[in-house]
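In the text below, chain A, chain B and the rest are named by the order of the sequence lines, each starting its count at 1.
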Number of protein chains: 2
Amino acid sequence: MDTFEALSDPTRRQVLDLLSRQPRAAGELGRAFPSTSQPGMSRHLRILREAGLVHVRKQDRHRVYALRWEGLAPVDAWLSKYRNFWEAELDSLEAFLDSGKADPKSRQARSRRP
Amino acid sequence: MDTFEALSDPTRRQVLDLLSRQPRAAGELGRAFPSTSQPGMSRHLRILREAGLVHVRKQDRHRVYALRWEGLAPVDAWLSKYRNFWEAELDSLEAFLDSGKADPKSRQARSRRP
DNA sequence: TCCATGCATATCCGTACACGGATATGTGGC
DNA sequence: GCCACATATCCGTGTACGGATATGCATGGA
């Protein structure tokens, strides 16, 4: 299962959201989803692992899961391909409107098309 | 079907890739995927439409599809949430390297909310 | 050393739905 | 009426997702 498929499941995205705050043990994650059985959560974690989205570390008797930021690189790469065009669109719009105001959110460095 | 599910299919991502270059008529897209039937492509386009990823315009007897950049906003938003942490990680790493501190393997213990 | 904890894995079962082709039909524009 | 599609079915296959259950397996503690 590739990155995009792994991310297509809401539960797995929620798991990643939890892990984005801090690493958590498998059991902790399972308890965060009471409607999911232990093997069920374990399956989700397996998919996330195989997609390279999480990383496991053994600590005592626990398996501590942490987010692997690099695992999101494929999505980021795919998306930036579009972001370039997107921002080009927005830039054109801004230029057209000529509001003269800066982007309030001041997104990360607006990489222009090379 | 939500945005992430719509993007989980490789064919649909390829369609978006084509549309990122220029708008195309439905038939044109269909011909780009010879192994897909006409109703088959039409179904994919429907999913992309309902996910807000493409936009249709009637031109003569053709349906011209174009990418809706805003449709990718949910993915971008979701991803930037992580990109911030990602960059924070890199920053922390830099800070760590600058300060010449302890064990470099304690990476995962360090993810924290800003 | 024996046992409980904390998981991962393996089945089996069942439901649901994605994806595909094939075919038929509907529809708006020319 | 023809073209370019969209939609609707029906069919079939594959597989995701879920629970339930049993087992494997390492670690840490009594």
Exercise. B:Q59 has an atom CD; how far is it from atom P of C:dC30, in whole Å?
Worked result: 10 Å
Seminar exercise, completed: Here the pair of heavy atoms bringing A:A26 nearest to A:L45 is CB-CD1, 4.0 Å
For this session: State, yes or no, whether a side-chain contact exists between A:I47 and A:L53 at a heavy-atom distance under 4.5 Å.
Result: no
Problem set entry | A:H44-A:R12 side chain donor-acceptor pair, cut-off 3.5 Å | yes
Problem set entry | Axial cation check for A:Y65 ring with A:R24, 6.0 Å and 45° limits | no
Exercise. Between B:M1 and B:A51, which heavy-atom pair has the shortest distance, and what is it?
Worked result: O-CB, 4.2 Å
Exercise. What's the NZ-P distance between B:K58 and D:dA6, to the nearest Å?
Worked result: 11 Å
Problem set entry | Check against salt bridge (Lys or Arg N to Asp or Glu O under 4.0 Å), B:D76 and B:K81 | CA-CA 9 Å; B:D76 188 53; B:K81 187 172 51 180; over 6 Å; no
Exercise. Which heavy atom of A:V64 sits nearest a heavy atom of A:P23, and at what distance?
Worked result: CG1-CB, 3.7 Å
Under 3.5 Å, which N/O atoms of the protein pair with N/O atoms of nucleotides 7-9 of chain C?
{"from": "C:dC7", "atom 1": "OP1", "to": "A:H62", "atom 2": "ND1", "distance (Å)": "3.1"}
{"from": "C:dC7", "atom 1": "OP2", "to": "A:G27", "atom 2": "N", "distance (Å)": "3.0"}
{"from": "C:dC7", "atom 1": "O5'", "to": "A:G27", "atom 2": "N", "distance (Å)": "3.0"}
{"from": "C:dA8", "atom 1": "OP1", "to": "A:Y65", "atom 2": "OH", "distance (Å)": "2.5"}
{"from": "C:dA8", "atom 1": "OP2", "to": "A:S42", "atom 2": "OG", "distance (Å)": "2.6"}
{"from": "C:dA8", "atom 1": "O5'", "to": "A:S42", "atom 2": "OG", "distance (Å)": "3.4"}
{"from": "C:dA8", "atom 1": "N7", "to": "A:Q38", "atom 2": "NE2", "distance (Å)": "2.9"}
{"from": "C:dT9", "atom 1": "OP2", "to": "A:R49", "atom 2": "NH2", "distance (Å)": "3.3"}

Could you list the protein-to-nucleotides 15-19 of chain C atom pairs, N/O on both sides, closer than 3.5 Å?
{"from": "C:dC19", "atom 1": "OP1", "to": "B:D9", "atom 2": "OD1", "distance (Å)": "3.3"}
{"from": "C:dC19", "atom 1": "OP1", "to": "B:R12", "atom 2": "NH2", "distance (Å)": "3.2"}
{"from": "C:dC19", "atom 1": "OP2", "to": "B:R12", "atom 2": "NH1", "distance (Å)": "3.0"}
{"from": "C:dC19", "atom 1": "OP2", "to": "B:R12", "atom 2": "NH2", "distance (Å)": "3.1"}

Exercise. Linking I/L/V/M/F/W/Y whenever any side-chain heavy atoms sit under 4.5 Å apart, do B:Y82 and A:L19 land together?
Worked result: yes
